[in-house]
Amino acid sequence: MGNAVGLYLTKPDTTPDPTKDPSFDPNLGFPSGRKERVMVATVAEMESAKLSAEERDYCAHHLLNYRACRREEWPWVYRCHHEKHEYLTCEYEDYVLRMKEYERERRLLERQKRIQKKQGLEFS
C-alpha cells in the first residue's frame, strides 16, 4: 500500500479507507458466492497463548502450532521449519488477499463514479 497516500492525494473520492469495512456487497461479481474466511483458533486459545493484537489474525492457529513446536523441540528449533513455513505462507497469502480486496474496492469505487457521471450526463 505504498501508493495509497499518493492515490488519496490525487483521487480521494475513489481511494478506499483501509480502516473501514468494504462498502460493496462481498458477493458482487461472484455468481456462485465466495468462500467465507473462518478463524480456526478460538479467542480462549489466543488469550492463553498471550498472542498480541497484531498476531490475532486468520493465521493464528499456524502461529500457535509453530510456538508449540519450538517449545517441544527446544533447543533444536530447526526441526520446526515446516510449521514456520506454514505460518509464513499463511501470512503472505493473507497479505495478498487483503491487497486484492483493497484493489477490488478501489476499482468498484471508480466504476460507481463512472456510472454516476454517465447518468448525470444523460439526465441533463
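Model, not experiment: these values are computed from the prediction. Numbering starts at 1 and runs along the sequence shown. The basis for the numbers below is simple: all heavy atoms, side chains too, and nothing from hydrogens, waters or symmetry mates.
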Can you tell if the side chain of H62 reaches within under 4.5 Å of the side chain of L88, non-hydrogen atoms only? no
Passes side-chain contact (heavy atoms from CB on, under 4.5 Å), Y102 versus R98? Steps please. CA-CA 6 Å; Y102 177 86; R98 286 185 287 119; over 6 Å; no
Assess whether side-chain contact (heavy atoms from CB on, under 4.5 Å) is satisfied between M39 and M46, documenting all intermediate values. CA-CA 11 Å; M39 282 290 295; M46 292 187 287; 3.9 Å; yes
Taking everything shown except R79 itself, do over 12 heavy atoms lie less than 6.0 Å from its CZ? yes
About how many Å separate CD of E83 and CD of E86, when rounded to the nearest 0.5 Å? 6.5 Å
Sub-4.5 Å side-chain heavy-atom contact between K50 and R67: no
Do L28 and L108 come within less than 4.5 Å of each other through their side chains, counting heavy atoms only? yes
For Y92, I'd like to know if atom OH has over 12 heavy atoms of other residues, nucleotides or ligands within 6.0 Å. no
Kindly indicate whether the side chain of C80, heavy atoms from C-beta on, has any atom under 4.5 Å from the side chain of Y66. yes
How long is the straight-line distance from NE2 of H81 back to NZ of K84, given to the nearest 0.5 Å? 11.0 Å
Evaluation steps, side-chain contact (heavy atoms from CB on, under 4.5 Å), between K118 and I115: CA-CA 5 Å; K118 185 176 180 182; I115 290 172; 5.7 Å; no
Just verifying a value: how many Å separate E72 CD and R70 CZ, rounded to the nearest 0.5 Å? 12.5 Å
Is any side-chain heavy atom of E91 less than 4.5 Å from a side-chain heavy atom of Y87? yes
With rounding to the nearest 0.5 angstrom, report the NE2 to CG distance, H82 to N65. 13.5 Å
Within the 4.5 Å heavy-atom criterion, are L109 and F24 side-chain neighbours or not? yes
Between P18 and P16, which heavy-atom pair has the shortest distance, and what is it? CD-O, 3.4 Å
Any donor-acceptor pair under 3.5 Å from E55 side chain to A60 backbone: no
With salt bridge (Lys or Arg N to Asp or Glu O under 4.0 Å) as the criterion, how do R106 and E103 come out once you've worked through the C-alpha distance, each side chain's angles and the decisive distance to 0.1 Å? CA-CA 5 Å; R106 187 186 68 78; E103 182 65 18; 2.5 Å; yes
Atom pair NE2/OG1 of H61 and T42 - distance to nearest 0.5 Å: 12.0 Å
pair L64-L51: side-chain heavy atoms closer than 4.5 Å: yes
Applying salt bridge (Lys or Arg N to Asp or Glu O under 4.0 Å), which residue pairs with at least one partner in residues 34-43 are found, sequence neighbours left out? R34-E101, R37-D94
Within the structure provided, determine whether Y78 and E73 are in side-chain contact (heavy-atom separation under 4.5 Å). no
Please determine whether side-chain contact (heavy atoms from CB on, under 4.5 Å) holds for the pair E47 and R56, giving the CA-CA distance in whole Å, both sets of side-chain angles, and the decisive distance to 0.1 Å. CA-CA 9 Å; E47 285 177 356; R56 295 181 185 210; 3.8 Å; yes
